[in-house]
Structures are given as structure tokens and as C-alpha cells.
Student: 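Could you have a look at this structure, given as C-alpha cells, before my questions?
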Amino acid sequence: MNARRSIYWLLAILLLVVVVESSQAQVNAISSEWESLRPAGEEFTIQMPKNSTVETGTFPYHKMELNTRLYLSTSTAGPVLAVASFSGIKSNLALYSDFERFNSYVDAFKNWFPSKARGKDATARLTLVRSNTFHGHPGREYRLTVGDLNGVLQAYSTKKRFYAVVVLNTKKDDSLQERFLSSFLLQDRIEAPKEVATQGDTPGTPPAATRQPRPNGKEKKPETETDASATQVKSAADSTDANGHPPAKKAPISGGILNGKAIYLPLPEMPPGDASGIVVVQVMVDEQGAVVEARAVSGPPSLQAAAINAARLARFSPTTLMGEPVKVSGMLTFNFAR
């Protein structure tokens, strides 16, 4: 009997060794078949498996048409590695704040990507982990779930494009996740250079090569120190009230319950578990109609994160007071029903 047990144990150990060695060989084979990806027209480089595919297309989003590119490595049982590239929402503060632009791209990605990873009926669940800056570009990290896949989404916004770097798997693989995410690189953000006066020019005036002659052929006389002081005094006077104090910034107005005033209010994701109920989120809406602050003030704790994420994506028409745009403070309510 003891001999038979010994044989069983020996066979079990040999089988385990074979499985481990086979798995390690498979990992090594996959690891050796990666390549550096530097797509033309993009601003990034990354290491991806050689079996990755490229798909380009368009995606309708709120009366806009976004241009999409997807660099994807996937299988039915293995990990999903992807870089999604979006464009179509211009970086123009006069039309669309950077905060609102980023939120819109994230919302578009959430609706567009699941079908690419797990078929047309798949849905995504996003949970914000943190905000960061990468090579001067604003970014965020999310926990992402699509069907049976779990992983990480790192999103970045440049002046031209939006990038979503995704690692999903049916099981945890920290080494694969680290290898893929750490290989993603963006070009540094370059700000427009400021004009600097050349030697011989009067400080505060354009360089001689760029100054325009007056209609009578005479160059405009450079502003003297006395003229500059007078201009500064006048500017200061224009920016103060009758008592000589700077004008106070307008305080946010109270908007009460804002659900009915939203032009876009996404449904919150239903977290796992049995919790249900109503979550109330206090929000601050800026002059452009984007939610810039959100915090839960009541409701089941396990549902509050999902409600806050949905509140941050809400959008409103700008509110004006006496012809001037103002911030609005109010509440959004979310009903989680099982």
C-alpha cells in the first residue's frame, strides 16, 4: 500500500513538473515574439506581440464622428493587449474644455471597445483609480472589466489624439501587465514658445523685424517708461471696484437637483453584490457645463464609487447670471435597483 502511494505521489509530481515547464516554455515563446510598434501618424511607440492586428474605422458619438484605430492582440483564452487611438474632438478651450474632452473620449471608448474584445453583446465597467500626467499629457488609470476579462486601462489625451492602453486577462499576470504598460511611450508635450525681445529692442515691444510701420511711413514710437506706467495704472483701475478692491469672483449658484437639467447623464455601472438603493452625489459644474467636482453625500457605500464615476461624465448647458457664465452647485441622484 505504501509503495502504491509513493508511486502515485511520484506521478503527481512528474505531471506538475511537466505542466509548469510547458507553461514556462509557452510564456518564453510568446515573450520572444514581440516587436516594437511605431505606427505612422501616431504619437506613441509600444512593444506588442507579432500576431497583433490593426483596424481603422469611424464611430458615431453625440452628433460627432470619431476616427478610430485599434492595435489589438487577443485570443479566446489568453490575454487581450490593445492600444486604441481616437481623434475627432478638437483641443479648443473656446468650444470644449480639456476636462470635458477627456471625459467624452473615455465615454466613447467605454461604448466602443467591449465588442472588439468580447463580441457585440459585451459591456465594460470602469472604475477610476487615479489621475496622472505622462510626458506632459493628462492621463488617468482605470480598473476595467469586460465580460470574463479583468485588467487595467491607462488613458492619455494629447492635443491631437486620445490613447487607451489596455491589458485584460482571465487571470492575474503582473509581469505581462508591467511589460506591456511600461513599454508605452508618448512624445513629450511641447508648448508654443513665447516671443523674446532681441538685443537692441526695447523690453516689452516687438522685435524690430516684426514691428509694422505706421501709414505715414514713420515707425511707431516705442512706449516710454512713463507711458507704460500710465497704462498699468489704467489697467489696474479697470480691474477694481469703486472702493479700489479687486472684483470678487462670482460664487457658484445653487441648482438643487440637477438630473433633469443634464444634457448627458450616463447610467452608473451596477457593482457586484446585493446592494441597492439611492446614492446622492454633490457636484460642481463649471462655466462650460462640465462636472469638475463630485462627492457622494449619502447612499450605500458599495455603490458610491459607481455613482461618482457616472456623475463625473455628466454634461450640462452653460448657466449664465446677468449675461455672464457661472458655476453651479447641485445634486445628482442615482437609483441602483436589482
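All values below were derived from every heavy atom in this structure, side-chain atoms included, with hydrogens, water molecules and symmetry-related copies excluded.
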Student: For the residue pair His137 and Gln187, what are the closest heavy atoms and their distance?
Tutor: NE2-O, 2.7 Å
Student: So Phe162 and Tyr105, would you call those rings parallel, tilted or perpendicular, with 30° and 60° as cut-offs?
Tutor: parallel
Student: Using side-chain contact (heavy atoms from CB on, under 4.5 Å), reason through Val280 and Phe334 one step at a time and then give a plain yes or no.
Tutor: CA-CA 6 Å; Val280 179; Phe334 298 92; over 6 Å; no
Student: Under a 4.5 Å cut-off applied to non-hydrogen side-chain atoms, are Gln154 and Leu144 in contact?
Tutor: no
Student: Do Asn103 and Arg140 get their side chains close enough for a donor-acceptor pair, meaning under 3.5 Å?
Tutor: yes
Student: Are the side chains of Phe59 and Glu65 in contact, using a 4.5 Å heavy-atom criterion?
Tutor: no
Student: Between Val167 and Leu181, does a side-chain contact (heavy atoms from CB on, under 4.5 Å) hold up when you go through it step by step?
Tutor: CA-CA 8 Å; Val167 180; Leu181 295 179; 3.8 Å; yes
Student: Given Asp173 and Ser175, is the side chain to side chain donor-acceptor pair (under 3.5 Å) satisfied, shown in steps?
Tutor: CA-CA 6 Å; Asp173 190 337; Ser175 60; 2.9 Å; yes
Student: If hydrophobic clusters are built by linking Ile, Leu, Val, Met, Phe, Trp and Tyr wherever their side-chain heavy atoms come under 4.5 Å apart, do Met64 and Phe109 end up in the same one?
Tutor: yes
Student: Do Met270 and Val279 share a hydrophobic cluster, counting only Ile, Leu, Val, Met, Phe, Trp and Tyr and linking them when any side-chain heavy atoms are less than 4.5 Å apart?
Tutor: yes
Student: Determine yes or no for a side-chain-to-main-chain donor-acceptor pair under 3.5 angstrom, with Ser183 supplying the side chain and Gln47 the backbone.
Tutor: yes
Student: Are Ile46 and Leu176 in one and the same hydrophobic cluster, where Ile, Leu, Val, Met, Phe, Trp and Tyr link if side-chain heavy atoms are under 4.5 Å apart?
Tutor: yes
Student: CG of Leu126 to CZ of Arg143: how many Å apart, nearest 0.5 Å?
Tutor: 10.5 Å
Student: How far does CZ of Phe316 sit from CD of Gln288, to the nearest 0.5 angstrom?
Tutor: 14.0 Å
Student: Less than 4.5 Å apart, any side-chain heavy atom of Ser157 and any of Arg101?
Tutor: yes
Student: Thr68 side chain to Gly57 main-chain N or O, any donor-acceptor pair under 3.5 Å?
Tutor: yes
Student: Specify the closest pair of heavy atoms between Ala108 and Leu66, including all atoms of both residues, with the distance to one decimal.
Tutor: CB-CD1, 3.7 Å
Student: Distance check, rounded to the nearest 0.5 Å: Glu324 atom CD versus Thr319 atom OG1?
Tutor: 13.5 Å
Student: Looking only at non-hydrogen atoms, find the nearest pair between Ala124 and Pro114 and report the distance.
Tutor: CB-CG, 3.5 Å
Student: Quick check for you: to the nearest 0.5 Å, what is the distance between Glu141 atom CD and Arg130 atom CZ?
Tutor: 4.5 Å
Student: Transitive ILVMFWY cluster of Ile263 at side-chain heavy atoms under 4.5 Å: who else is in it?
Tutor: none
Student: Does either side chain, that of Tyr264 or that of Asp107, offer a donor lying less than 3.5 Å from an acceptor on the other one?
Tutor: yes
Student: I need the full list of salt bridge (Lys or Arg N to Asp or Glu O under 4.0 Å) pairs touching residues 34-44, with sequence neighbours left out, sorted by first then second residue.
Tutor: Glu42-Arg69, Glu42-Arg161
Student: As an exercise, state the distance from CG of Asn150 to CG of Asn169, rounded to the nearest 0.5 Å.
Tutor: 9.5 Å
Student: Determine whether the aromatic ring centres of residues Phe134 and Tyr156 are separated by less than 6.0 angstrom.
Tutor: yes
Student: Could you tell me whether the side chains of Thr58 and Asn67 share a donor-acceptor contact shorter than 3.5 Å?
Tutor: no
Student: Does any non-hydrogen side-chain atom of Val165 lie less than 4.5 Å from one of Phe180?
Tutor: yes
Student: Do Arg312 and Leu128 make a side-chain contact, defined as non-hydrogen atoms from C-beta onward lying under 4.5 Å apart?
Tutor: yes
Student: Find out whether Phe44 and Leu185 are in side-chain contact, i.e. whether some heavy atom of one side chain is under 4.5 Å from a heavy atom of the other.
Tutor: no
Student: Could you check Thr127 against Tyr142 for side-chain contact (heavy atoms from CB on, under 4.5 Å), going step by step and ending with a plain yes or no?
Tutor: CA-CA 5 Å; Thr127 303; Tyr142 296 87; 6.0 Å; no
Student: Indicate whether any N or O donor in one side chain lies under 3.5 Å from an N or O acceptor in the other, for Arg118 and Thr123.
Tutor: no
Student: Taking side chain as C-beta onward, heavy atoms only, is Asn259 less than 4.5 Å from Thr333?
Tutor: yes
Student: Treating Ile, Leu, Val, Met, Phe, Trp and Tyr as nodes and any side-chain heavy-atom pair under 4.5 angstrom as an edge, say whether Leu70 and Val166 lie in one connected cluster.
Tutor: yes
Student: For the hydrophobic clusters of this structure (ILVMFWY residues joined by side-chain heavy atoms under 4.5 Å, transitively), does one cluster hold both Leu265 and Phe99?
Tutor: no
Student: Check whether any side-chain N or O of Ser52 sits under 3.5 Å from a backbone N or O of Met48 as a donor-acceptor pair, and report yes or no.
Tutor: no
Student: Taking all non-hydrogen atoms of both residues, which atom of Pro39 and which atom of Tyr71 are closest, and how far apart?
Tutor: CB-OH, 3.4 Å
Student: Look up atom OG in Ser73 and atom CG in Asn51, then write down how far apart they are to the nearest 0.5 Å.
Tutor: 4.0 Å
Student: Side-chain polar contacts of residues 289-308 - donor-acceptor pairs under 3.5 angstrom, sequence neighbours left out - could you list them?
Tutor:
from   : atom 1 : to     : atom 2 : distance (Å)
Arg295 : NH2    : Gln282 : OE1    : 2.9
Gln304 : NE2    : Gly299 : O      : 2.9

Student: Centres of the Trp112 and Tyr61 rings: under 6.0 Å?
Tutor: no
Student: Do the non-hydrogen side-chain atoms of Lys327 and Val285 ever get within less than 4.5 Å of each other?
Tutor: no
Student: What are the two closest heavy atoms between Ala82 and Leu72, and how far apart are they?
Tutor: CB-CD1, 3.7 Å
